[in-house]
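Quick notes on the structure that follows.
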Amino acid sequence: MEDTNSLIEQRRSHLAGLAEKGVNPFMNKFSPETGCDTARSLMAKWDAWNKSTDPAKGEPVGWPEGHRVRLAGRITAHRDMGKSHFLDLRDVSGRIQLWFQKAVFTEEQWAQFKLLDLADHVGVEGTLFVTRMGEPSLKVESFVPLSKALRPPPAKWEGLADTEIRYRQRYLDLIANEEVRKTFQARSLILREIRDFFHERGYVEVETPMMQAIPGGAAAQPFKTYHNALGCEFYMRIALELYLKRLLVGGVDKVFEIGRNFRNEGLSRRHNPEFTMLEAYEAYGDYATMMETVESLIRRLALKVAGTLRIEHRNAQGEVYKVIDLSHWRRARYKDLVREKAGEDWFRITPEERRRRAVEDLKLSGDIAAAYEDFEVTGAVFEKLVEPTLINPTFVTHLPKELVPLAKISADDPTTVEVFECCINGQEISPGYTEQNDPVAQRKALEEQAGGEKQKLDEDFLVALEHGMPPAGGIGIGIDRLCMMLLGQESIRDVILFPQLRPKE
RNA sequence: GGGUUGGUAGCUCAGCGGUAGAGCAGCGGCCUUUUAAGCCGUUGGUCCAGGGUUCAAAUCCCUGCCAACCCA
């Protein structure tokens with residue numbers, strides 16, 4: 001990209017100007033003592049103490065006026081008053097205001113100062129003080145250019161709105177938009193908290209293959225790749241499941257993995273071709289054990305990241321348009337939820353009548369294909385009419401066995417399986433299972449699912465099961481959707497740093 | 001895959017057949033406590049691309065590309 005404009009040319013000439021003066025505009029190393037906002041708040045603390053008239057205010061706190069400090073960051077604002085300039089310096093901790101006075105510097109140094117541009121990185125050293133306006137600031141005594149920005153930053157006030165630039169050049173989005181920085185810091189916190197949660201419960205974190213000869217554990221289109229040295233095709237994984245279960249066989253009784261799955265399907269507000277999945281398995285647990293696990297985990301995440309179990313989603317105007325109450329976790333049977341929307345007699349009428357009612361009365365004609373079997377008609381009712389209404393957390397239990405062929409039959413209702421779908425925010429956040437550990441039943445179910453295509457059977461996995469897998473509960477949690485729910489984002493692209501877009505040119 | 005909306009200066013946007021615009025940023029000037037600094041002046045454009053209609057197209061039409069949203 002060799003595009004130039006006058007702004008880039010100006011910056012290039014400033015770069016050349018620094019070089020002529022023998023200044024390296026890309027320093028190898030400069031060690032700041034502390035963060036910009038750290039210095040700023042310590043100064044503010046002292047200032048508050050200093051100005052307090054309370055006779056019992058005690059010992060000085062923070063950093064006093066005149067405290068010497070060395071900082072580094074990016075220049076994000078410039079207010080020029082001739083012989084006196086105010087700049088904002090920003091690093092990951094936040095910002096602090098810099099004061100450059102002409103009188104402090106030699107003519108040569110001032111000439112170098114004039115070659116600095118907005119968005120450059122600089123290192124500065126000086127003393128802390130508070131301005132007349134009460135702003136804790138740094139009186140700069142020396143500075144060094146650390147990295148010259150050859151391109152202008154986005155406008156500071158409007159921020160960056162162009163979605164395409166925001167996603168393709170996320171770094172500009174992060175520079176320009178404070179909320180975006182916060183969202184991704186919160187995502188990092190969520191991941192860390194999930195790991196702490198499972199480690200505290202005695203789980204072992206593992207990493208299993210992303211390149212698999214047979215992509216299993218879910219029904220989804222995989223991406224294909226090729227290994228030159230082995231001379232064979234591989235698939236990018238679509239789920240973590242089958243390898244984690246091998247580890248249950250191997251005696252890793254509590255095991256989890258957080259990792260990327262890849263599905264070669266459509267992109268949407270809720271789908272990115274690569275997405276982050278958590279799966280956790282617990283030997284001697286069952287689906288009920290895992291419901292408790294999911295609830296405890298998500299409650300903890302909400303308190304950590306939002307400070308409350310009442311998650312508010314706000315629109316661009318800052319108005320709350322949705323509230324998710326994570327203090328009550330409903331448990332409801334699949335059939336009961338379907339009856340609420342489709343009629344009390346739904347499961348007593350004939351399959352033909354069900355189809356007619358779904359298409360005509362419930363207006364699901366676009367969602368029900370002619371080839372759908374009866375259970376799929378009910379599935380469409382659930383997916384289109386029930387799931388979107390489950391804003392507050394609901395564990396949907398006792399799913400019909402046809403819907404989840406690989407699961408274990410419920411002890412109290414043989415037409416259903418020991419599976420839950422935890423729905424929050426109108427979407428499925430986490431499925432959970434009492435895992436199938438009967439190798440004969442598992443083989444039969446997988447063969448039926450493969451529809452006679454023998455090469456799709458993960459024989460190695462079935463052999464593992466034949467060695468004996470302990471009874472276990474398992475869950476999967478879509479981390480991206482979890483982040484959307486907790487962080488008030490309606491698009492998956494706003495919780496993934498670099499969402500997939502069509503490559504340019 | 002279908003529909004809707006959008007793509008104009010570095011950024012945010014207006015203009016919607018008749019000379020290419022504003023604010024911010026930038027550049028020059030004034031100002032040594034400003035903070036979306038202020039005041040004066042000023043530079044900057046493949047109006048997404050390609051075709052068409054027209055005396056005349058950023059503007060109307062067609063095709064394509066990219067994106068967002070809705071639907072499948």
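Source: prediction; values computed, not measured. Naming convention: chains lettered A, B, ... in sequence-line order (proteins, then strands); numbering from 1 in each chain. Computed over heavy atoms, backbone and side chain alike; hydrogens, waters and symmetry mates excluded.
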Length of the [atom1]-[atom2] vector between [X] and [N], whole Å:
X      : N     : atom1 : atom2 : answer
A:I492 : B:A68 : CD1   : P     : 13 Å
A:R168 : B:C65 : CZ    : C1'   : 11 Å
A:N264 : B:G1  : CG    : P     : 13 Å

**Any A:R269 side-chain N or O less than 4.0 Å from OP1/OP2 of B:A68** = no

Any strand is fair game: report the nucleotide pairing with [N] by Watson-Crick or G-U wobble, both distances under 3.5 Å, or none.
N     : answer
B:A57 : none
B:C30 : B:G38
B:G10 : B:C24
B:U4  : B:A68
B:G45 : none

Nearest-nucleotide pick for [X], side chain only, options being [options]:
X      : options             : value
A:P154 : B:U33, B:A68, B:C11 : B:C11
A:L501 : B:U34, B:G26, B:A68 : B:A68
A:R79  : B:U32, B:C11, B:U34 : B:U34
A:T131 : B:U35, B:C31, B:G26 : B:U35
A:Y167 : B:U35, B:A68, B:C31 : B:A68
A:E164 : B:G44, B:A67, B:U34 : B:A67
A:L7   : B:U35, B:A68, B:G10 : B:G10

Please report the distance separating the [atom1] of [N] from the corresponding atom of [M], rounded so that it comes out in whole Å.
N     : M     : atom1 : result
B:A49 : B:G41 : C1'   : 37 Å
B:U63 : B:U4  : P     : 11 Å
B:C60 : B:U12 : P     : 22 Å
B:G50 : B:U5  : C1'   : 22 Å
B:G3  : B:G10 : P     : 33 Å
B:C47 : B:U8  : P     : 11 Å
B:G45 : B:U54 : C1'   : 24 Å
B:U42 : B:G21 : P     : 14 Å

[X] side chain vs [Y] backbone, donor-acceptor pair below 3.5 Å:
X      : Y      : result
A:W49  : A:G58  : yes
A:R68  : A:E125 : no
A:T394 : A:V396 : no
A:N177 : A:G159 : no
A:R74  : A:A119 : yes
A:D162 : A:E164 : yes
A:R493 : A:P499 : no

**Request:** Can you spot which of A:F143, A:F113, A:W99 makes a ring-ring contact (aromatic ring centres under 6.0 Å, His included) with A:H85?
**Result:** A:F113

**Request:** Consider only side-chain N and O atoms of A:D91 and A:S93, and report whether a donor and an acceptor are under 3.5 Å apart.
**Result:** yes

**Modelled atom types, side-chain donor and acceptor of A:Y433 and A:E241, under 3.5 Å** =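 Side-chain D/A pair, A:Y433 to A:E241: absent.
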
Which is true for [X] with a 4.0 Å heavy-atom rule: it touches a base, it touches only sugar-phosphate, or it touches nothing?
X      : result
A:L118 : sugar-phosphate
A:R493 : sugar-phosphate
A:A176 : nothing
A:F129 : base

Extract from the structure each pairing of a protein N or O with an N or O of nucleotides 3-5 of chain B at less than 3.5 Å, listing the distance.
none

**Message:** Looking at A:Q97 and B:U34, is any side-chain donor or acceptor paired with a base atom of the opposite kind under 3.5 Å?
**Reply:**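 Side chain to base: pair present.
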
**Fill in**
When A:V130 and A:A77 are each assigned the nearest nucleotide of RNA chain B, the 5'-most assignment goes to A:V130

**Request:** Quick one: pull up CG in A:L486 and CD1 in A:I190 and give me the separation to the nearest 0.5 Å.
**Result:** 5.0 Å

**Prompt:** Heavy atoms, side chains only, cut-off 4.5 Å: are A:M210 and A:F262 in contact?
**Reply:**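 A side-chain contact under 4.5 Å exists here.
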
Distances under 3.5 Å only, N/O to N/O: pair up the protein atoms with those of nucleotides 12-15 of chain B.
residue	atom	partner	partner atom	Å
B:U12	OP1	A:A161	N	3.0
B:U12	OP1	A:D162	N	2.9

